[in-house]
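These notes are about the structure you will find just below.
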Amino acid sequence: MIHHLADKESSAVDDYLNSALGLEIPELETGREHAHNAGLPHIEVSAAQGKFLQLLTEISGATRVLEIGTLGGYSTSWLALGVGPQGSVVSCEFEPLHASVARENLQRAGLSDRVEIKLGPAQGSLDKLISTRSPAFDLIFIDADKRNNVAYLERALELSRSGTVLVLDNVVRAGHVLDDPAELGLQEADLRGVQQSLRWLRDEPRVSATALQTVGSKGWDGFALARVL
Ligand code: SAH
Ligand code: DHB
Ligand code: MG
C-alpha cells in the first residue's frame with residue numbers, strides 16, 4: 001500500500017526551499033513553462049534536483065557530460081551550468097518536438113553553445129558515440145524510457161573512465177519499485193527496467209552504487225548514484 005499523504009506537505013517544503021535558497025533561475029523556469037505550454041509532459045526534475053545535478057557536476061569536476069532523455073532541456077540546462085562555459089553536454093532525445101523546444105530553451109538561457117542534442121533513439125546515438133571512439137564522459141545522467149535502463153547503463157559504462165559518475169533517475173516511482181511488474185499493466189516494461197537496472201548496479205563489478213529516495217514537488221521518487229571503478 002502506497003501512502004501519498006506527505007505529497008502536499010513535501011511539495012510546499014520544496015516551494016519553501018526554492019525560495020529560501022533562491023534555487024530558481026528565471027530563464028530556466030521560463031523554459032519549463034514554455035515546455036509545458038508546448039504540451040510536453042511535466043516530468044522534468046525539480047529545481048532542487050536540477051541544482052543537485054549542477055553541484056554533482058561541479059563537485060566531481062565534470063566538464064564532459066552525457067544525458068539520455070532531454071525533454072525540454074530543463075535538466076540539460078542545470079548540467080550545462082555545471083560544466084561551465086568551457087565544458088560540454090551531449091543530450092539524447094528521440095522526439096523532434098522535445099528537441100526543438102529544448103534547443104529554444106537552451107538558446108534563451110545562453111547555454112546552447114555548450115550543448116549538443118542528438119536526435120534519434122538513444123541506443124543508436126550511444127552506439128555511434130562508442131563506435132566513433134568518443135572520449136569518455138565524466139558524468140552520465142540516464143533519464144529516458146526506463147525499460148531500456150540496462151541497455152543505457154551498459155553503453156554508459158563503455159563511454160566511461162574510472163571515476164565517471166552515473167546518475168539514474170526515477171528508481172522509486174512512488175514505491176512501485178516494490179510491486180510485481182506483471183500486475184502493473186501498461187507500465188510493466190518500465191518497472192521491470194527499473195528493477196533490472198538496480199540489480200545490474202549490484203552485479204556489475206565495475207561500479208559502486210547506492211540509491212536515495214526523494215520527496216518534493218515531483219512526488220515520491222529517487223535516483224541511483226554510481227561511480228565507475
Ligand atoms: N531529463 C529531463 C526529463 C526527461 S523525460 C529533465 O529532467 O528535464 C524523458 C525523455 O526521454 C522524453 O523527452 C522522451 O521523449 C525521451 N525518450 C524516451 N525514450 C527515448 C529513446 N528511446 N530515445 C531517446 N529519447 C527517449
Ligand atoms: C516519468 C519519467 C521521468 O523521467 C520522471 O522524472 C518522472 C516520470 C514518467 O515516465 O512517468
Ligand atoms: Mg526523470
Side-chain angles (χ1 to χ4, degrees), residues 7 24-25 28-36 38-54 56-57 65-82 89-106 109 111 115-129 139-153 155-156 166-177 184-194 197 211-225:
D7 277 9
E24 293 181 342
I25 298 176
L28 268 54
E29 295 312 314
T30 305
R32 188 208 288 278
E33 226 178 276
H34 185 79
H36 294 174
L40 274 54
H42 300 203
I43 55 175
E44 70 285 345
V45 296
S46 69
Q49 289 164 349
K51 179 75 181 208
F52 182 77
L53 289 174
Q54 177 188 344
L56 259 188
T57 304
V65 166
L66 173 63
E67 175 178 67
I68 306 170
T70 316
L71 193 63
Y74 186 74
S75 56
T76 322
S77 300
W78 287 103
L79 293 165
L81 289 169
V89 178
V90 173
S91 188
C92 303
E93 175 57 56
F94 75 165
E95 289 285 351
L97 173 64
H98 298 186
S100 81
V101 169
R103 286 197 179 100
E104 281 175 47
N105 285 341
L106 290 158
L111 297 167
V115 178
E116 184 194 349
I117 296 176
K118 300 238 182 245
L119 185 61
Q123 289 194 45
S125 300
L126 298 172
D127 286 340
K128 184 137 190 217
L129 285 166
L139 183 146
I140 303 177
F141 178 48
I142 301 174
D143 190 22
D145 46 338
K146 315 308 173 195
R147 64 193 62 200
N148 286 316
N149 273 359
V150 168
Y152 297 146
L153 282 167
R155 285 161 179 79
L166 307 178
V167 184
L168 182 66
D169 199 21
N170 310 117
V171 299
V172 175
R173 320 214 95 194
H176 283 305
V177 69
L184 226 73
L186 265 184
Q187 292 197 51
E188 172 178 351
D190 289 321
L191 178 57
R192 248 181 241 292
V194 170
S197 58
L212 292 175
Q213 301 185 63
T214 53
V215 293
S217 61
K218 294 289 162 173
W220 176 23
D221 213 323
F223 58 88
L225 179 68

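Indexing begins at 1, ligand by ligand and atom by atom, following the structure's order. If you read the sequence from its start, that first residue is 1, and numbering goes on from there.
For N170, every heavy-atom contact with ligand 2 shorter than 4.0 Å involves the side chain, none the backbone. Residue E44 does not touch ligand 2, judged by heavy-atom distances below 4.0 Å. Using a 4.0 Å cut-off between heavy atoms, Q187 makes no contact with ligand 2 at all.
Scanning the protein for heavy atoms near atom 6 (C) of ligand 1, the closest one is S75 OG, 3.0 Å. In terms of protein heavy-atom proximity, atom 4 (O) of ligand 2 is nearest to D143 OD1, 2.7 Å. Protein heavy atom nearest atom 23 (N) of ligand 1, with residue, atom name and distance: A122 N, 2.9 Å.
Taking backbone and side chain together, S75 holds no N, O or S atom under 2.8 Å from the Mg ion (ligand 3). Distance check for E44 against the Mg ion (ligand 3): none of its N/O/S atoms falls below 2.8 Å.
Of the candidates Y152, F94, Y74, F94 brings a heavy atom nearest to atom 25 (N) of ligand 1. With E93, E95, Q123 as candidates, the residue nearest to atom 14 (C) of ligand 1 on a non-hydrogen basis is E93. Atom 4 (C) of ligand 1 has its nearest heavy-atom neighbour, among N170, D143, T76, in D143.
Every N/O-N/O distance between D221 and ligand 2 stays at or above 3.5 Å. When only interatomic distances are considered, the shortest N/O to N/O separation between G69 and ligand 1 falls below 3.5 Å. Residue A144 has no N or O atom closer than 3.5 Å to an N or O atom of ligand 2.
Of the inter-residue distances, the one linking W220 atom CH2 with R173 atom CZ reads 13.5 Å to the nearest 0.5 angstrom.
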